[in-house]
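Just so it is clear, the model here is predicted, and its values are computed rather than measured. All values below were derived from every heavy atom in this structure, side-chain atoms included, with hydrogens, water molecules and symmetry-related copies excluded.
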Amino acid sequence: MPALLQRLRQWLTARDHGLLVLRRAGRTAIVMPGTFAFCDQVIGNPEMALFAAFGSFAMLMLVGFGGPMRQRMQAQASLAVVSSLFVCLGTLASRAAWLACLAMAVLGFGVLLAGAVSSVLAGASTSLLLSFILPVSLPGTASDVPDRLAGWGLAAVVGLFAIRLLWPEPAADPLRGKAVGACRALAARLRSEDEASSPDHQQIVRNAHRALDELQRQFLTTPYRPTGLSASDRAVVRLVDELNWARRVIVHSLPIPDDSPNLAARRARIAAANVLGHGADLLAAPRTSPDALHTASAELRAALFALERDAADVLPPLSGRGPGNGTGASTVSTDETDQTDEPADRQVTEVIDALEPSFRAHELAFVVGAIGDNIDAAARAERRTWLQRLLGRQATGLPGTLSAAQERVSAHVDPHSVWLHNSVRGAVGLALAVLVANLTDVQHAFWVVVGALSVLRSNALSTGQNALRAVLGTLAGFAIGALLLLPIGSDTTPLWFLLPVTILVAGVAPAVISFAAGQAAFTLELVILFNILQPTGWRVGLVRIEDVAIGCGVSLVVGLLFWPRGAGAALNTALSQAYTASSRYLAAAVEFGMRRPGSRPASTAVEAKRQAVRAASAARRMDDAFRQYLTERGAKTTPLAEFAMLIGGVIGLRLAADTVLDLWERDGDQAFGEGSAARPAQLPHARLRHTLLRRTWQVTDWYDDFARSLDGERPVPRSLDQDADADRALVRALREDLRDKHGIASATAVRVIWTGDHLSALRRNQPTLVQPVLTTGLAHGERAPD
């Protein structure tokens, strides 16, 4: 027997990690029969008993909040209040068929769309819908509200105690834990970069890659973006993209020798490692003192300013034209300069090579600084008092809850949003199921709507497959129930003993066996439940088969009419929009930089920020479309690795724009320390501005064309080659505009070169984006002529 139990446990844990589903099913198997028996046998109110039973099922089985116990209890209490309100509204709306249908459409759409705001709301959407479906499907009047509300409220209150006392889940946040491990692994890699030839370094590199891969896998294993509305959750989830970007920067960086003039780059790298290390400690224990992270962040900012200040010192003197002062005055003709191609090429190489270490260090310092700020904001949000949380006072640097919710919802008010498609499809399906149930006068309209809810998916194929499984599972459950009821007859005593067992099996079966097995167990549970309330034998199971079949038919029709191709078709469009929005953001950031510090028109800053918001919204829609695509059944026509590479291209484009904007926003500040007066911020001359903007337009135009190819509007563009003429023109313009009388470049010249480096990095990334499209047939797979 012990060996059998051990094998059973291994089988369960392999399919139910942490036994989370078993915990929920076990609690429900205890609470649901208890509240049902109390209302039916003690109070003697069948309607109250029915709502207590389904309330227990909704509050305990259909939802499982994560995080610390305090957050779980708060979320559960909020669910209890909102679902109780839905019970009242559903009862009042059930008096007229047209009102029930309209109310179901409006509320269903609102609940489903609200899931885009928070993973907490997304996880509770089925429970919230059930709290409205049950009363709106059972005709009642205002006099029925107290009994129904009492039953549901009893289930909610007992459920709170059950979650706290009965086999509670450990307080774990998998995403936060993976982020802590990734921060520490990257910090260790940065500290070992100068020992790249040692075996220990190679193991540290492998550990860092493994930690980042685990973080990314954890981030993508949920069907919705794993973040809640809390300030801490919103800060932590942003770490995923930033940590992966930091890995990309580190991979492309080279070790800096001890005798290198780029000592500021080495100091910046060590400072970044310290921020990551202390940030990981604070993220793991947010209520501890943040002084260590604050000190490390201050050192990183100082290293960043020193990096920008000293970068010009490592540049070779920009020889060629006469002394310049930013006015373009010179003693050498342009034609003469243009004819010296070989020296110009050599100078281009010298300039790029000289600034490469500082450019990579600047990239790293920016992203690690953002990581440190996010961790600090998350910790400050965790340290708020109960009163501050109650009053909605947010940590500095994070938007308020209502602002964040509005931003997320507005991101999906777009005709191509997969989340919007699913919300409309679900609302129409549920409303149509309510209407059909009322028009056909079925015996249990509730099961028609629940049947529609259980099989609605994002495409017609998945909906059809689930409809078939639901009907087959219901048939199996009916057959088992009929066999059980034949010898039992009208005696309800055995049914009371069978009820907890069937509830337990119904809760576990969908996760560890199959959807059809869960439907069979749920049907058996309902046969037993309704025979306790009103013994009718096997006929109640036959009624459920009929009702579920009607509901499945409604869902199948809706799935065929509303975006039947699902997320697979919408993902290309979401990718296209994300690339377009991100490229426009990059162009706006560079345009902002090409203005004189202190006199930049407000419109350029506003436009850059506006494009940043649009890029973030498009990226959010892309992320949701990708997650929905992952959860859809059926063969994937494009390998997930290829889609992940294309999504990474969007992230890189957006983050490059973030860096460029931050770089030029600090132009002209007084934080450069001593010597800043010798190299004041200057306005790039017209020739230099035109040269850099022309390079920007080349890159952004390519990404716009690539976006259109993903949407099927044009062939896949050919990757841009390195533009040697543009490089020479850039160095020539720097030589004319941004140097002192000794030929030393100014701080603005360094920013110009670093901006050009970001553009070059985006150009070099183009073949990695084109290849997946051409090899997998994504979009048209056609290539533009050379």
Only one of Leu430, Leu128, Leu138 passes side-chain contact (heavy atoms from CB on, under 4.5 Å) with Ile133, and that residue is Leu430
Heavy-atom closest pair (Gly55 atom, Ala155 atom, distance to 0.1 Å) is C-CB, 3.5 Å
Contacts satisfying salt bridge (charged side-chain N to carboxylate O under 4.0 Å, His left out) that involve residues 25-44 (not counting sequence neighbours) are Arg27-Glu169
task = Report the C-alpha distance between Trp419 and Arg621 in whole Å, list the side-chain angles of each, state the deciding distance to 0.1 Å, and finish with yes or no for side chain to side chain contact (heavy atoms under 4.5 Å, CB included).
result = CA-CA 8 Å; Trp419 205 289; Arg621 291 193 298 270; over 6 Å; no
What one should report as the nearest heavy-atom pair of Cys39 and Ala49 is CB-CA, 3.4 Å
Heavy atoms, side chains only, cut-off 4.5 Å: are Pro33 and Ile503 in contact? yes
Under a 3.5 Å distance rule, please check whether Ser514 uses its side chain to pair with a backbone N or O of Ala517 as donor and acceptor.
yes
Paired with Leu498, the side-chain contact (heavy atoms from CB on, under 4.5 Å) test is passed by just one of Ile532, Val527, Ile528, namely Ile528
So CG of Leu50 and CG of Leu529: to nearest 0.5 Å the spacing works out to 7.0 Å
(message) Quick check against the 3.5 Å criterion: does Gln76 have a side-chain atom that pairs as donor or acceptor with the backbone of Met59?
(response) yes
task: Report yes if the side chains of Trp167 and Leu22 come closer than 4.5 Å at any heavy-atom pair, otherwise no.
output: yes
Minimal heavy-atom distance between Ala77 and Leu160, with the atoms involved, is N-CD2, 3.9 Å
With sequence neighbours left out, the residues meeting side chain to side chain donor-acceptor pair (under 3.5 Å) with Glu47 are Arg148
Distance col, row Leu107:CG vs Ser131:OG, nearest 0.5 angstrom, shows 7.5 Å
query: Would a distance-only check, ignoring hydrogens and angles, find a side-chain to backbone donor-acceptor pair under 3.5 Å from Arg23 to Pro168?
result: yes
Are the side chain of Asp144 and the backbone of Thr141 linked by a donor-acceptor contact shorter than 3.5 Å? yes
Heavy-atom closest pair (Leu435 atom, Cys101 atom, distance to 0.1 Å) is CB-SG, 4.0 Å
Test side-chain contact (heavy atoms from CB on, under 4.5 Å), reference Phe109, set Val111, Leu113, Val106, output is Leu113
In this structure, CG of Leu129 is separated from CZ of Phe86 (nearest 0.5 Å) by 8.0 Å
So CZ of Phe38 and CG of Leu154: to nearest 0.5 Å the spacing works out to 6.5 Å
Smallest heavy-atom separation, Val136 atom then Ser94 atom, equals O-CB, 3.6 Å
*Indicate yes or no: at least one non-hydrogen side-chain atom of Cys88 is less than 4.5 angstrom from one of Leu149.*
yes
Original post:
Given side chains that start at C-beta, do those of Asp147 and Phe51 come closer than 4.5 Å, heavy atoms only?
Top reply: no
One should read off an interatomic distance between Ile30 CD1 and Leu504 CG, to the nearest 0.5 angstrom, of 9.5 Å
>> Would you say that Trp496 contacts Gln41 through its side chain, given a criterion of any heavy-atom pair below 4.5 Å between the two side chains?
In response: yes
Closest heavy-atom pair, Leu112 versus Ala427, reported as atoms and distance to 0.1 Å, is CD1-N, 4.0 Å
For this session: Would you indicate whether the side-chain heavy atoms of Phe522 and Pro510 approach each other to under 4.5 Å?
Result: no
Rounding to 0.5 Å, atoms CD (Glu525) and CE (Met32) come to a distance of 4.5 Å
Contacts of Ser83 meeting side chain to side chain donor-acceptor pair (under 3.5 Å) (sequence neighbours excluded), chain-then-number -> Trp152
Check your understanding: Do Arg469 and Gln519 have side-chain heavy atoms sitting under 4.5 Å apart?
Key -> no
- [ ] State, with a plain yes or no, whether a side-chain heavy atom of Leu60 is found less than 4.5 Å away from one of Ile163.
- [x] yes
Handout entry: Leu92 backbone acceptor or donor facing Arg95 side chain under 3.5 Å
Key = yes
